[in-house]
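If you read the sequence from its start, that first residue is 1, and numbering goes on from there.
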Amino acid sequence: MTPSPVALPPAGVPGVSLRWLRPEDAHAWYSVLRLPEVTAQTSWSLSSAEDLLPILEACGDDASASQVRLAIIDAQGVLAGSIGFHSINVQHGTAEIAYELAPHYWRRGIASAVCNGVVAWAWRQFGWQRIQASVLDTNVASAGVLRRCGFEHEGRLRRYRRVAGVSRDFDLYSRLPDASTDALNSTAGSSRS
């Protein structure tokens, strides 16, 4: 992806920043996604960093892209994870948010702060009417992040995706742009996950 004039949101956590995820991040991103603690909570099915290249090449910085993905970078410049949107539907103004962090960064409030900031940024940047998330029904931490960021639980998607080759249930959450961002900002900054 070429450098974009689109201003990115702040990460909301000292020592953490956001930047566009780039093809040269494939190996670092794969290093996070292949960690057993991460793969146990997601439906990723990757064999190598090269599997990520089509995803990275599909990423863009506008609402017409099929995916928008940002790198979460720590104070030392290491890729700690990513956050972004897929299943973008321009006609209906919807997208699905997805994120992951390496376990070393868990329970520090990073996911909540970044999720809250990126969602607020997406409303302004893309004008979507709905952002949703699907979370493995046993991923309590991620469900907590979404609730702290104003997402509401809508229901369970039975046998929705395969995790390690097994069909699993996922919970569906959504947030609409009229959710109170003032309340969310005060909550996300004080919660840890």
Asks: Does the Gln129 side chain pair with the main chain of Gly127, one donor and one acceptor, at a distance under 3.5 Å?
Replies: yes
Asks: Distance-only, no hydrogens or angles: does the Trp29 side chain make a donor-acceptor pair with backbone N or O of Arg22 under 3.5 Å?
Replies: no
Asks: Between Val68 and Phe126, what is the shortest heavy-atom contact and its length?
Replies: CG2-CZ, 4.1 Å
Asks: For the hydrophobic clusters of this structure (ILVMFWY residues joined by side-chain heavy atoms under 4.5 Å, transitively), does one cluster hold both Tyr160 and Leu146?
Replies: no
Asks: Which distance, rounded to the nearest 0.5 Å, do you find between the CG of Leu79 and the CZ of Arg19?
Replies: 6.5 Å
Asks: Would you say Leu157 ends up clustered with Ile131 if hydrophobic residues are merged whenever their side chains have heavy atoms under 4.5 Å apart, either directly or through other cluster members?
Replies: no
Asks: Taking only Lys NZ, Arg NE, NH1 and NH2, and the carboxylate oxygens of Asp or Glu, determine whether Asp25 and Arg69 approach each other closer than 4.0 Å.
Replies: no
Asks: Are Tyr105 and Val78 close enough that some pair of their side-chain heavy atoms sits under 4.5 Å apart?
Replies: yes
Asks: Is the closest side-chain heavy-atom distance between Val119 and Phe151 below 4.5 Å?
Replies: yes
Asks: Quick check: does any side chain N or O of Asp51 sit under 3.5 Å from a backbone N or O of Ser48, one acting as donor and the other as acceptor?
Replies: yes
Asks: Under a 3.5 Å distance rule, please check whether Thr39 uses its side chain to pair with a backbone N or O of Pro36 as donor and acceptor.
Replies: yes
Asks: Should Ile88 and Trp20 be regarded as members of a common hydrophobic cluster, given that ILVMFWY residues are connected when their side-chain heavy atoms come within less than 4.5 Å of each other, either directly or indirectly?
Replies: yes
Asks: Looking only at atom types and distance, does a side-chain atom of Tyr99 sit under 3.5 Å from a main-chain N or O of Ser142, one as donor and one as acceptor?
Replies: yes
Asks: Do Tyr173 and Ile97 have side chains that approach each other closer than 4.5 Å (heavy atoms only, starting at C-beta)?
Replies: no
Asks: Answer with yes or no whether the hydrophobic clustering places Phe170 together with Val38; edges join I, L, V, M, F, W, Y residues whose side-chain heavy atoms lie under 4.5 Å apart.
Replies: no
Asks: How close do Ala102 and Val32 get, heavy atom to heavy atom, and via which atoms?
Replies: N-CG1, 3.8 Å
Asks: Report the distance from atom OG of Ser43 to atom CZ of Arg162, rounding to the nearest 0.5 Å.
Replies: 12.0 Å
Asks: Which heavy atom in Leu21 sits nearest to a heavy atom in Ala71, and how many Å separate them?
Replies: CD1-CB, 3.6 Å
Asks: Verify the distance criterion only: is there a donor paired with an acceptor across the side chains of Thr138 and Arg168 at less than 3.5 Å?
Replies: yes
Asks: I want to check something: taking the side chain as every heavy atom from C-beta on, are Leu33 and Leu52 in contact at a cut-off of under 4.5 Å?
Replies: yes
Asks: Enter the distance from Ser112:OG to Arg147:CZ here, rounded to the nearest 0.5 Å.
Replies: 10.5 Å
Asks: With rounding to the nearest 0.5 Å, note down the distance linking CD in Gln132 to CG in Leu172.
Replies: 5.0 Å
Asks: Linking I/L/V/M/F/W/Y whenever any side-chain heavy atoms sit under 4.5 Å apart, do Val118 and Trp123 land together?
Replies: yes
Asks: Measuring from atom CH2 of Trp128 to atom CG of Leu176, what distance do you get when rounded to the nearest 0.5 angstrom?
Replies: 14.0 Å
Asks: So, for Ile72 and Glu100, which heavy atoms are closest and what is the spacing to 0.1 Å?
Replies: CD1-O, 4.3 Å
Asks: List the steps and the verdict of side chain to side chain donor-acceptor pair (under 3.5 Å) for Ser134 and Arg161.
Replies: CA-CA 10 Å; Ser134 54; Arg161 291 186 178 146; 2.9 Å; yes
Asks: Would you name the heavy atoms of Val13 and Ala113 that are closest together and state the gap between them?
Replies: CG2-CB, 3.4 Å
Asks: At their closest point, which heavy atom of Pro54 faces which heavy atom of Glu50, and how far apart are they?
Replies: CD-O, 3.6 Å
Asks: Are His104 and Leu35 packed together at the side-chain level, in the sense that at least one heavy-atom pair is separated by less than 4.5 angstrom?
Replies: no
Asks: Distance check, rounded to the nearest 0.5 Å: Leu18 atom CG versus Ser82 atom OG?
Replies: 10.5 Å
Asks: Between Asp169 and Arg159 (side chain of the first, backbone of the second, donor and acceptor by atom type, cut-off under 3.5 Å), is there such a pair?
Replies: yes
Asks: From the options Glu154, Glu96, Glu152, select the one residue that forms a salt bridge (charged side-chain N to carboxylate O under 4.0 Å, His left out) with Arg130.
Replies: Glu154
